[in-house]
Protein chains: 2
Amino acid sequence: MKKQSPPTSKQVAEIAKVSQSTVSRVFSGMDGISEATKKRVFSTAEKIGYRPNAIARSLILNRSNLIAMVALGVQNPYYNVVINEVASRIQKMNREPLFFIAEKEKGVDQILGQVMQYRVDGIIVLSAEMSPAMAAEFEKIKTPMVIFNKLTHIANVKTICSDNEKAGRDAADHLFSRGYREPVFVGSSTFHITSLTREKGFVSRFEELGCKVQILQQIPYSYQAGKVIIEELIKSQTHFDSIFCAADLFALGAIDQLRNSSIRVPEDVGIIGFDNIEFASWPSYQLTTFSQQTETMLDACFAYLDTKLEGHENGSDIQLFPCELIHRKTT
Amino acid sequence: MKKQSPPTSKQVAEIAKVSQSTVSRVFSGMDGISEATKKRVFSTAEKIGYRPNAIARSLILNRSNLIAMVALGVQNPYYNVVINEVASRIQKMNREPLFFIAEKEKGVDQILGQVMQYRVDGIIVLSAEMSPAMAAEFEKIKTPMVIFNKLTHIANVKTICSDNEKAGRDAADHLFSRGYREPVFVGSSTFHITSLTREKGFVSRFEELGCKVQILQQIPYSYQAGKVIIEELIKSQTHFDSIFCAADLFALGAIDQLRNSSIRVPEDVGIIGFDNIEFASWPSYQLTTFSQQTETMLDACFAYLDTKLEGHENGSDIQLFPCELIHRKTT
DNA sequence: TTGAAAGCGCTACCAA
DNA sequence: TTGGTAGCGCTTTCAA
């Protein structure tokens with residue numbers, strides 16, 4: 001069975017007794033067309049179910065109207081919110097989001113190839129861990145590109161990122177001020193650099209305050225993993241009185257595991273998470289956590305893309321946004 | 001500043017001293033090309049950073065390799081999982097997901113226009129509430145299309161859906177068998193038909209069992225809304241001993257609100273949710289809920305798409321999948 | 001094994 | 001206000 005082709009502007013032209021160019025002009029909303037012609041073209045188009053072929057248009061205009069949304073190894077519920085928001089903003093700028101997703105970093109090279117084949121007008125990368133090889137590839141690309149929430153130094157690529165180091169320091173200050181002196185940091189190599197940066201700020205600030213931080217790494221990113229790592233921590237009999245988790249899901253898992261072991265939060269152990277996912281605010285948890293300025297950061301992403309797409313130059317530097325500590329009941 | 005065009009096959013041809021057709025043949029993996037030529041083409045392509053233009057290819061092949069993923073009014077975290085899974089499956093079939101998202105139903109007409117302009121090879125609609133006008137539009141379309149988890153009767157459109165009515169009846173049976181006799185149903189017009197179908201099964205089964213169901217509707221779909229509606233229910237002083245929520249987020253909000261009012265779950269009030277989102281299984285909630293056979297249903301979606309894309313015919317009927325009651329600790 | 005040439009559906013230029 | 005025509009980058013005949 002052959003796929004039958006949809007009607008073309010040529011067919012509309014024939015039926016409406018105008019030239020194909022006229023049909024094109026009508027549909028691209030150019031003026032200088034008589035009302036009568038316009039009406040006739042539209043009505044015959046309607047009749048035969050004609051829709052302009054975006055592919056052909058893209059070919060000739062050398063722009064696809066597509067924006068690539070690249071999500072790599074995204075398991076964090078925080079990004080579900082981001083993905084929806086990004087997609088919807090792309091549509092609001094009258095373009096379409098072409099969605100690329102890869103479980104692991106290994107897929108990235110292949111993905112970049114795909115992205116480029118579609119001649120997308122812009123690229124938004126969400127939280128991607130990037131290999132140096134990958135970064136090198138990205139540098140070559142002329143397409144406007146912005147990396148959201150991953151600190152990366154690539155020439156000609158805009159980076160919009162939370163100030164994770166500062167947040168780490170703030171977490172340390174907060175815990176210290178609440179009287180905690182035996183801190184644990186729980187990170188994840190699932191979002192390596194981000195986690196590392198938070199760790200760095202946390203550890204160095206606590207050192208300044210005279211406390212040593214115990215560092216734990218958990219690989220899969222999930223609630224369950226948070227439980228497991230705390231279970232092991234408890235079993236190990238090491239002393240600790242506070243935990244800073246690089247992500248809320250860990251923190252929530254940690255809370256439940258502590259409760260299981262009849263350890264009181266925040267009296268015995270204080271906990272801080274990261275991301276302020278919806279569930280963090282629920283009565284069962286009331287998690288103290290950091291909120292990223294997602295809206296503001298996305299504003300910055302799109303402001304950058306917009307000017308680049310307009311053909312204007314724009315410094316492709318790194319922009320850091322502070323995170324806000326939301327104090328609830330786990331510290 | 002002009003957007004500079006990426007290299008074309010013609011340029012590769014010139015440098016590699018072959019014809020443009022040869023370059024094309026090399027990149028589309030046709031055989032009948034000498035190894036020497038192949039190597040020469042690839043290396044010059046590499047050198048100047050050539051990548052085939054998917055747009056031009058789409059134009060001539062009359063297929064875009066794009067699959068539209070249309071999500072309408074999706075607020076349910078359940079769909080975040082689905083969206084990621086669908087996107088990743090589309091890529092596995094060597095196509096790209098073009099993501100369309102609309103907050104409300106009103107955007108659908110416009111979206112369909114967009115979808116068709118891109119000459120997508122297939123369409124996957126996620127949980128869309130559809131107006132009759134919309135459905136009429138869809139009927140006209142020749143593009144293979146499958147609707148996931150929304151009961152809709154449209155000619156030539158495959159529907160893959162959970163058996164919500166059966167689940168409603170199962171919920172009633174379960175509650176009844178646990179001794180509950182004063183049931184409440186909490187639905188949402190956010191996912192109108194789905195909610196209505198669950199309601200229908202629930203109410204009619206309970207009627208058969210001799211109990212009357214109190215029906216509540218909540219419009220926004222969120223945890224917070226679940227709290228609010230239960231707060232009002234409690235204030236209204238009506239008797240009830242069990243609640244069937246059309247979605248987990250409602251149920252979780254309901255649980256917390258009941259706890260606030262010192263009403264015990266499941267002793268005083270039993271609660272059943274729907275979707276089995278991750279949080280339902282957490283220790284703080286242990287929600288009895290229904291799990292949809294998402295994987296199996298997606299298998300069916302893609303099996304259908306695959307055969308249609310292969311050009312084979314395939315009955316575009318409605319396929320219903322049973323939901324499994326997961327009995328935890330709220331009933 | 002390769003090259004020349006036609007043409008996919010559209011936009012944009014030049015004439016009329 | 002309109003029509004004719006060239007050409008976007010590719011695939012695919014048909015010839016060589």
Side-chain angles (χ1 to χ4, degrees), chain A residues 2-42 44-45 48-66 113-114 116-121, chain B residues 2-42 44-45 48-66 113-114 116-121:
Chain A
K2 250 193 122 141
K3 179 176 168 183
Q4 79 179 72
S5 310
T8 70
S9 60
K10 201 175 155 196
Q11 292 170 33
V12 176
E14 259 169 40
I15 303 178
K17 308 254 184 259
V18 292
S19 75
Q20 184 271 328
S21 342
T22 300
V23 177
S24 167
R25 278 189 274 252
V26 169
F27 272 89
S28 34
M30 295 176 59
D31 40 28
I33 308 271
S34 75
E35 276 308 314
T37 324
K38 220 181 264 181
K39 206 168 290 176
R40 195 146 39 91
V41 168
F42 275 134
T44 55
I48 67 173
Y50 167 76
R51 296 190 196 272
N53 185 330
I55 308 253
R57 172 181 278 157
S58 300
L59 182 58
I60 193 165
L61 295 183
N62 194 28
R63 75 210 269 295
S64 60
N65 261 339
L66 260 27
Q114 301 279 357
M116 294 324 291
Q117 292 199 5
Y118 277 95
R119 302 296 192 260
V120 297
D121 298 343
Chain B
K2 250 194 121 137
K3 180 176 169 182
Q4 81 180 70
S5 311
T8 70
S9 60
K10 202 175 156 196
Q11 293 171 33
V12 176
E14 258 169 38
I15 302 179
K17 307 255 184 259
V18 292
S19 75
Q20 183 270 328
S21 344
T22 301
V23 177
S24 167
R25 277 188 275 252
V26 169
F27 272 91
S28 37
M30 295 177 60
D31 39 29
I33 308 273
S34 75
E35 277 307 315
T37 323
K38 222 183 263 182
K39 207 169 291 177
R40 196 146 37 89
V41 168
F42 275 134
T44 54
I48 67 172
Y50 168 76
R51 298 191 195 270
N53 185 330
I55 308 253
R57 172 181 276 157
S58 300
L59 180 60
I60 194 163
L61 295 182
N62 195 27
R63 74 211 267 298
S64 59
N65 262 337
L66 260 26
Q114 301 279 357
M116 294 324 292
Q117 292 200 4
Y118 277 95
R119 301 297 190 259
V120 297
D121 298 343

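A note on names: the letters A, B, ... follow the listed sequences, proteins ahead of strands, and every chain is numbered from 1. Values reported hereafter were calculated over all heavy atoms of this structure, with side chains retained and with hydrogens, waters and symmetry mates removed.
Nucleic acid contact class of B/Ser24 (heavy atoms, under 4.0 Å, all strands): base. Note on B/Tyr50: only backbone sugar-phosphate atoms sit closer than 4.0 angstrom, heavy atoms only; bases stay farther off. Backbone-only contact: B/Val18 has heavy atoms under 4.0 Å from sugar-phosphate atoms and none from a base.
Running 5' to 3' along DNA chain D, contacts with non-hydrogen atoms of chain A at under 4.0 Å begin and end at D/dT1 to D/dG9.
Under the 4.5 Å side-chain criterion, counting only non-hydrogen atoms from C-beta, A/Pro6 is not in contact with B/Met116. With a 4.5 Å cut-off on side-chain heavy atoms, A/Val23 and A/Thr44 do not count as touching. With contacts defined as side-chain heavy-atom distances shorter than 4.5 Å, the pair A/Asn53/A/Thr8 does not qualify.
In this structure, A/Ile60 places its CD1 atom 4 Å from C1' of C/dT11, rounding to the nearest Å. In this structure, A/Gln20 atom CD and C/dG7 atom P are separated by 15 Å, rounded to whole Å. One interatomic measurement links the two molecules: CD1 of B/Ile33 to C1' of C/dG3, which rounds to 11 Å at whole-angstrom precision. What separates CG of B/Asn53 from P of C/dG9 is a distance of 17 Å, to the nearest Å. Rounded to whole Å, atom C1' of C/dG9 lies 13 Å from atom CD1 of B/Ile55. A/Asn65 has its CG atom 14 Å from the C1' atom of C/dT11, to the nearest Å. In this structure, A/Asn62 atom CG and C/dC10 atom P are separated by 18 Å, rounded to whole Å. Look at NZ on B/Lys10: it is 15 Å from P on C/dG3, rounded to the nearest Å.
In terms of position along DNA chain D, the nucleotide closest to B/Ala56 lies nearer the 5' end than the nucleotide closest to the other residue of the pair B/Arg25 and B/Ala56. Nucleotides of DNA chain C nearest to B/Ser21 and A/Ser28 differ in position, and the one nearer the 5' end is that of B/Ser21.
Closest non-hydrogen pair, B/Val26 versus B/Lys38, comes out as CG1-CG, 3.9 Å. Closest heavy-atom contact between A/Arg51 and B/Gly113: NH1-CA, 3.5 Å. Scanning all heavy atoms of the two residues, the minimum distance from A/Arg119 to B/Pro7 falls at NH2-O, 4.0 Å. Listed here is the closest heavy atom pair of A/Val12 and A/Val41: CG1-O, 4.0 Å. Nearest heavy-atom pair, B/Ser64 versus B/Val120, reported as atom, atom and distance to 0.1 Å: OG-CA, 3.4 Å. For the pair A/Asn62 and B/Ser5, the tightest heavy-atom approach, listed with the atom from each and the gap, is ND2-OG, 3.0 Å.
Considering only side-chain N and O atoms, B/Ser34 lies nowhere under 4.0 angstrom from the phosphate OP1 or OP2 of C/dT1. For the OP1/OP2 pair of C/dG9 and a distance below 4.0 Å, the side-chain nitrogens and oxygens of A/Thr8 include no atom meeting the criterion. Side-chain nitrogen and oxygen atoms of B/Tyr118 include none within less than 4.0 Å of the OP1 or OP2 phosphate oxygen of C/dG9. For B/Thr37 and C/dT2, the shortest distance from a side-chain N or O to OP1 or OP2 is below 4.0 Å.
Rotation axes derived from the C1' atoms of the five outermost pairs at either end of the helix from C/dT1-D/dA16 to C/dA16-D/dT1 lie 40° apart, to the nearest 10°.
Judged by distance alone, the side chains of A/Thr22 and A/Ser19 do bring a donor and an acceptor atom under 3.5 Å apart.
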